[in-house]
> 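Dumping the structure here so I can ask a few things about it.
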2 protein chains.
Amino acid sequence: MSNSRVELPVLAPEVVPCCPPLTSAELSEADAVKTAAMFKALGDPVRLRLFSKVASHPGGEACVCDVQDVGVSQPTVSHHLKKLREAGLLASERRGTWVYYRVEPSVLAALARLLDLNR
Amino acid sequence: MSNSRVELPVLAPEVVPCCPPLTSAELSEADAVKTAAMFKALGDPVRLRLFSKVASHPGGEACVCDVQDVGVSQPTVSHHLKKLREAGLLASERRGTWVYYRVEPSVLAALARLLDLNR
DNA sequence: TGTCTATATTGACACCCGTCAATTCCCGGT
DNA sequence: ACCGGGAATTGACGGGTGTCAATATAGACA
């Protein structure tokens, strides 16, 4: 098969940037839908721990085997990582046997700016 | 019934501060449960818009009548505001006919610090 | 080719969640 | 006391979500 695969599968383009601080102006309905999807992805304890494990892992990335000890089954871990990827918070890449996940910094920064208090 | 109610009902004390940046260390299970509850509260488009309307309202607070135009019924607005209050993100106070909501700054700051990238 | 390991997908199930209509509660004014 | 309006609660319904067991896929190595 052609090896022109560029990988980086999901992460739809309209998920990326978005929005001034919440304290400075109210969100449009469309922006609220996009942004709420990201918060929703972080709104489950297991997903938040998985995200935290990836984000804090040395080198900025972690394979599933590094993070899957969160008290649920392997398919459930895979399911949650997929949700985080679909929300644009994580990116994944297969290298040999393992699949590595890393944080999408721009998206995380957008969320942080959204919550920023010092206007 | 006795009218010795002190108001300011919810906002349990253990909801308040919490946790270094997600990129610096992984969350404990207990911290993940508490923090995920806040993200979950922001993970619905209607709630996020309500929160945004309160946060960006002049004077730092808004009565329900100021924010309830989000396309759902009045009971649903009340329901969502209650969720935001229970998550520790909003505080409410009745003054005469109207009930005013305002953002809990410390909680919002904690979430922003959690998502902070630099460092 | 076949086997082993790592990760993803499928299908099923119980429970949670957002929503509304109807009702109730709380407060001011008359 | 009564009434009117703002806001909260109740009860019900439909769709979504987290979870697991079973299975499938993909790559590494014999």
Side-chain angles (χ1 to χ4, degrees), chain A residues 1-3 5 7 9-10 29 32-33 36-51 53-54 61-87 90-102, chain B residues 1-11 29 32-33 36-51 53-54 61-87 90-102:
Chain A
M1 62 295 283
S2 97
N3 58 355
R5 308 246 325 285
E7 203 73 43
V10 246
E29 182 176 356
V33 169
M38 300 185 200
F39 284 127
K40 187 176 184 179
L42 295 176
D44 177 86
V46 171
R47 276 200 297 272
L48 188 57
R49 287 189 75 196
L50 287 171
F51 184 82
K53 278 170 175 279
V54 171
E61 63 177 14
C63 78
V64 179
C65 59
D66 289 326
V67 302
Q68 68 182 351
D69 182 26
V70 288
V72 295
S73 70
Q74 176 268 321
T76 300
V77 168
S78 188
H79 168 73
H80 284 309
L81 287 173
K82 183 180 184 180
K83 289 262 186 145
L84 288 167
R85 190 160 38 88
E86 288 172 345
L90 294 181
S92 68
E93 181 190 2
R94 169 160 228 139
R95 289 206 297 276
T97 304
W98 293 279
V99 176
Y100 292 85
Y101 283 79
R102 65 180 183 284
Chain B
M1 58 290 286
S2 94
N3 57 355
S4 61
R5 306 256 323 286
V6 192
E7 203 72 42
L8 293 179
V10 246
L11 189 59
E29 182 176 356
V33 169
M38 300 184 201
F39 283 127
K40 187 176 184 179
L42 296 176
D44 176 85
V46 172
R47 276 199 298 273
L48 187 56
R49 287 190 76 196
L50 288 171
F51 184 83
K53 278 171 175 279
V54 171
E61 64 177 13
C63 79
V64 178
C65 58
D66 289 326
V67 302
Q68 67 182 351
D69 181 25
V70 288
V72 297
S73 70
Q74 177 269 320
T76 301
V77 168
S78 189
H79 168 72
H80 283 310
L81 288 172
K82 183 180 184 180
K83 289 263 186 141
L84 288 166
R85 190 160 37 87
E86 289 173 344
L90 293 181
S92 68
E93 180 191 3
R94 170 161 228 138
R95 290 205 296 276
T97 304
W98 294 279
V99 176
Y100 291 86
Y101 283 78
R102 65 180 183 282

> May I have the distance from A:Gln68 (atom CD) to D:dT19 (atom C1'), rounded to whole angstrom?
16 Å
> Any idea which heavy atoms bring A:Leu84 and A:Ala41 closest together, and the distance?
CD2-O, 3.8 Å
> Rounding to an integer number of Å, can you tell me how far B:Leu90 CG sits from D:dA7 P?
15 Å
> Tell me whether the NZ or CZ atom of B:Arg95 lies within the 45° cone about the ring axis of B:Tyr100 and under 6.0 Å from its centre.
yes
> Round to the nearest Å and state the distance from B:Trp98 atom CH2 to D:dA7 atom P.
8 Å
> Would you mind reading off the distance between B:Asp66 atom CG and D:dG6 atom P, rounded to a whole angstrom?
12 Å
> Could you report the tightest heavy-atom contact between B:Val54 and B:Arg102, atom names first, then the distance?
CG1-CA, 3.8 Å
> Which atom pair, heavy atoms only, marks the closest approach of A:Val77 to A:Val72?
CG2-CG2, 3.8 Å
> Between B:Arg85 and B:Ser92, which heavy-atom pair has the shortest distance, and what is it?
CD-OG, 3.1 Å
> Taking all non-hydrogen atoms of both residues, which atom of B:Ala32 and which atom of A:Pro45 are closest, and how far apart?
CB-O, 3.8 Å
> I'd like to check B:Cys63 versus B:Asp66 (side-chain heavy atoms, cut-off strictly below 4.5 Å). Are they in contact?
yes
> Are any of A:Tyr101's side-chain N or O atoms less than 4.0 Å away from OP1 or OP2 of C:dA6?
no
> Just jot down the salt bridge (Lys or Arg N to Asp or Glu O under 4.0 Å) partners of A:Lys40, sequence neighbours excluded, or say none.
none
> Quick one: what's the B/S/- string for nucleotides 11-23 of chain C, heavy-atom cutoff under 4.0 Å, read 5' to 3'?
------SSBBBB-
> Nearest whole angstrom, please: distance from the C1' of D:dA28 to the CZ of A:Arg95.
16 Å
> Provide, to the nearest angstrom, the distance between the CG atom belonging to A:Leu84 and the P atom belonging to D:dG18.
10 Å
> Roughly how many Å is it from CG in B:Leu50 to P in D:dA7, rounded to a whole number?
12 Å
> Counting just side-chain N and O atoms, does A:Ser78 come under 4.0 Å of either OP1 or OP2 of C:dA8?
yes
> Give a yes/no answer on whether the side chain of A:Lys82 brings an N or O atom under 4.0 Å of OP1 or OP2 in C:dT9.
yes
> Distance check needed: C:dT7 P versus A:Tyr100 OH, whole Å only.
9 Å
> Would you say B:Arg47's side chain and B:His80's backbone share a donor-acceptor pair under 3.5 angstrom?
no
> Have a look at the helix from C:dT1-D:dA30 to C:dT30-D:dA1 and give the angle its two end axes make, five pairs each, rounded to 10 degrees.
20°
